[in-house]
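Here is the structure we will look at.
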Amino acid sequence: QVQLVESGGGSVQAGGSLRLSCVVSGHTYHNLCVGWFRQSAGKEREGVAVISTGGGRTRVANSVKDRFTLSQDDTRNTVFLQMNSLKPEDTATYYCGAVLYGVCPDLASVREFGFWGQGTQVTVSA
């Protein structure tokens with residue numbers, strides 16, 4: 001079993017920054033795909049960014065790639081999502097997800113991620 005614990009959400013004004021953290025436990029860290037997803041009211045969960053923990057390869061959604069950066073600290077089994085220039089439309093609950101693949105599936109393949117954290121709320125005010 002993979003356990004995921006997110007932190008770092010909060011409320012910011014437009015243009016501000018937040019860094020989300022996802023601590024991974026319960027499985028060998030360097031053989032996973034870990035990603036950040038978000039879900040706002042009335043919408044389906046969407047992929048934001050994913051990383052293959054073994055090789056460090058990342059994919060970031062086109063809608064945020066100029067503002068969000070995904071990274072990892074494998075000494076702490078932690079994946080980070082740095083979010084800059086936040087916009088009100090970024091408001092959502094952000095979830096960390098994982099799948100037991102060495103290579104990440106497409107960002108749209110949300111259902112392939114079988115392990116989820118509890119989510120952390122990000123609210124961006126205009």
Side-chain angles (χ1 to χ4, degrees):
Q1 285 283 29
V2 178
Q3 289 86 46
L4 306 167
V5 178
E6 304 106 329
S7 61
S11 297
V12 297
Q13 292 188 327
S17 298
L18 286 172
R19 188 176 80 157
L20 306 184
S21 300
C22 174
V23 179
V24 181
S25 62
H27 191 276
T28 302
Y29 179 77
H30 290 101
N31 194 29
L32 297 170
C33 173
V34 179
W36 284 98
F37 302 78
R38 65 185 182 185
Q39 188 168 17
S40 53
K43 295 186 178 181
E44 293 190 354
R45 193 169 297 187
E46 64 173 352
V48 177
V50 294
I51 185 168
S52 297
T53 57
R57 183 172 180 176
T58 63
R59 296 179 189 172
V60 182
N62 288 334
S63 59
V64 301
K65 66 180 180 179
D66 294 332
R67 301 182 294 120
F68 291 9
T69 303
L70 191 65
S71 62
Q72 65 175 345
D73 182 346
D74 57 6
T75 66
R76 296 162 58 188
N77 289 3
T78 302
V79 174
F80 302 100
L81 183 68
Q82 178 67 44
M83 305 186 296
N84 299 327
S85 302
L86 283 162
K87 303 176 180 180
E89 51 263 43
D90 295 318
T91 294
T93 302
Y94 283 70
Y95 296 91
C96 183
V99 62
L100 301 182
Y101 296 165
V103 177
C104 285
D106 188 83
L107 278 170
S109 302
V110 177
R111 293 185 179 183
E112 293 195 39
F113 288 77
F115 302 97
W116 295 96
Q118 78 285 357
T120 185
Q121 179 66 35
V122 172
T123 303
V124 185
S125 57

Heavy-atom closest pair (Q82 atom, S17 atom, distance to 0.1 Å) is NE2-CB, 4.0 Å
Heavy atoms of G47 and A61 approach each other most closely as O-CB, 3.8 Å
Polar side-chain atom of T78 near backbone of D73 as donor-acceptor pair, under 3.5 Å: no
What closest approach, in Å, do G8 and L18 show between heavy atoms, and which atom pair accounts for it? O-CD2, 3.8 Å
Check: S85 side chain, R67 main-chain N or O, donor-acceptor pair, under 3.5 Å: no
Residues V60 and L107: closest non-hydrogen pair is C-CD1, 3.8 Å
Tell me the closest heavy-atom pair linking V34 and C22, and the distance in Å. CG1-SG, 4.4 Å
If you count every heavy atom of other residues, nucleotides or ligands that lies below 6.0 Å from Q118 atom CD, does the total exceed 12? yes
Is the closest side-chain heavy-atom distance between V24 and L4 below 4.5 Å? yes
Quick check: closest heavy atoms across D74 and N77, and the distance to 0.1 Å? O-OD1, 3.3 Å
Only one of V64, T69, V12, V122 passes side chain to side chain contact (heavy atoms under 4.5 Å, CB included) with M83, and that residue is V122
Parallel under 30°, tilted from 30 to 60°, perpendicular over 60°: which one fits the rings of F68 and Y94? tilted
State whether the side chain of T91 and the backbone N or O of T123 hold a donor-acceptor pair below 3.5 Å, judged by distance alone. no
Please say yes or no: joined through hydrophobic side-chain contacts below 4.5 Å, possibly via intermediate residues, are Y95 and L86 part of one cluster? no
Okay, side chain of T53, backbone of Y29: is any donor-acceptor separation there less than 3.5 Å? yes
Same apolar cluster: F113 and L70, side chain cutoff 4.5 Å: no
Hey, any chance W116 and V50 share a hydrophobic cluster, counting ILVMFWY side chains that come within less than 4.5 Å of each other, even indirectly? yes
Is there side-chain contact between L100 and V2, with heavy atoms separated by less than 4.5 Å? yes
So with a 6.0 Å cut-off around CD of E89, is the heavy-atom count from everything else above 12? yes
Any donor-acceptor pair under 3.5 Å linking the side-chain atoms of S125 with those of Q13? no
In the structure I gave you, are the side-chain heavy atoms of L20 and W36 within less than 4.5 Å of one another anywhere? yes
dist S71:OG -> F80:CZ (nearest 0.5 Å) comes out at 6.0 Å
Are the side chain of D90 and the backbone of K87 linked by a donor-acceptor contact shorter than 3.5 Å? yes
Could you check whether any side-chain N or O of E46 sits under 3.5 Å from a backbone N or O of R38, counting only pairs where one atom can act as donor and the other as acceptor? no
Six-ring centre of F37, R45 cation under 6.0 angstrom, axis tolerance 45°: no
Taking P105's backbone N and O only, do any of them form a donor-acceptor pair with R59's side chain (distance below 3.5 Å, no angle check)? yes
Under a 4.5 Å side-chain heavy-atom rule over Ile, Leu, Val, Met, Phe, Trp and Tyr, are F115 and I51 clustered together? yes
To the nearest 0.5 angstrom, please state how far the CZ atom of R19 sits from the OG atom of S7. 9.0 Å
Ignoring hydrogens and angles, tell me if any N or O in the side chain of Q39 forms a donor-acceptor pair with the backbone of T93 under 3.5 Å. no
